[in-house]
Novice: 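Here you go, one structure.
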Amino acid sequence: MKQLQEKILTEGKVLSESVLKVDSFLNHQIDPALMQAIGEEFASRFADEGITKILTIESSGIAPAVMAGLVLGVPVVFARKRKSLTLVDDLYTASVHSFTKNETNDISVSKAFIGSEDVVLVMDDFLANGQAALGLVDIVEQADAALSGIGIVIEKGFQTGGNLLRGRGIRVESLAIVSSLEHGKVEFLEEEMV
Ligand code: 5GP
């Protein structure tokens with residue numbers, strides 16, 4: 001998605017050879033117009049899938065997921081990273097190792113919001129080693145729901161997540177695929193530039 005790639009090139013900060021900071025439009029401050037375009041792009045890519053629900057993870061997955069949910073006309077559920085006091089029973093939980101924080105946390109979703117009748121689109125802001133996405137897929141499986149695919153805003157194609165998920169036969173749609181962050185420079189997979 002050209003508009004997203006241009007935003008990454010102008011505002012993204014390469015923190016290391018494996019971490020990209022995009023807190024001016026996605027991870028801290030949010031660009032609503034860009035999020036709307038992102039939501040429309042996901043909605044058109046998954047238009048024919050009969051999606052009934054989007055599942056993402058707090059906090060940075062929520063903005064793009066809400067925009068896609070608005071266009072698809074379906075509710076958006078976000079997995080919580082901490083169990084809330086009002087959500088003690090009837091939870092699906094999965095363990096997720098965080099790439100950026102190097103710690104493992106449980107994520108949880110109330111059983112009230114995903115069930116066997118659902119066709120779920122999993123979404124997240126970044127795909128690195130695929131652990132967050134796998135945790136969400138685990139929850140879809142616990143719910144006996146159907147997984148339509150995974151929508152990712154920025155995939156780092158040089159890390160293992162994309163292959164791991166696609167290798168399981170899961171459809172992964174990434175709006176920008178970063179092929180390298182070497183020498184402080186963001187490069188995209190060729191096919192994504194057209
Ligand atoms: P994974 O679970 O695929 O290893 O990592 C994905 C999660 O880690 C995303 O939810 C995202 O929050 C975070 N993440 C991974 N890599 C990056 C990165 O380069 N930049 C930012 N801002 N977040 C990242």
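Both counts, for ligands and for their atoms, begin at 1 and track the order of listing. Below, all heavy atoms of this structure are taken into account, side chains as well, without hydrogens, waters or symmetry copies. Everything numeric here is computed off the predicted structure, so don't read it as measured data.
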Novice: List, ordered by chain and residue number, the protein residues whose closest non-hydrogen atom lies under 4.0 Å from any atom of ligand 1.
Specialist: Ser18, Val19, Leu20, Asn27, Phe99, Thr100, Asp124, Asp125, Phe126, Leu127, Ala128, Asn129, Gly130, Gln131, Ala132, Lys156
Novice: Ignoring hydrogens and angles, tell me if any N or O in the side chain of Lys53 forms a donor-acceptor pair with the backbone of Ile114 under 3.5 Å.
Specialist: no
Novice: Would you confirm whether Thr56, through its side chain, and Met123, through its main-chain N or O, come within 3.5 Å as a donor-acceptor pair?
Specialist: yes
Novice: So, for Met67 and Pro32, which heavy atoms are closest and what is the spacing to 0.1 Å?
Specialist: CE-O, 3.9 Å
Novice: Taking the side chain from Asp118 and the backbone from Gly115, do they hold a donor-acceptor pair closer than 3.5 Å?
Specialist: yes
Novice: Listed by chain and number, what are the side-chain hydrogen bond (donor to acceptor under 3.5 Å, both in side chains) partners of Ser59, not counting sequence neighbours?
Specialist: none
Novice: Which one of Glu182, His183, Glu187 satisfies the side-chain hydrogen bond (donor to acceptor under 3.5 Å, both in side chains) criterion with Lys185?
Specialist: Glu187
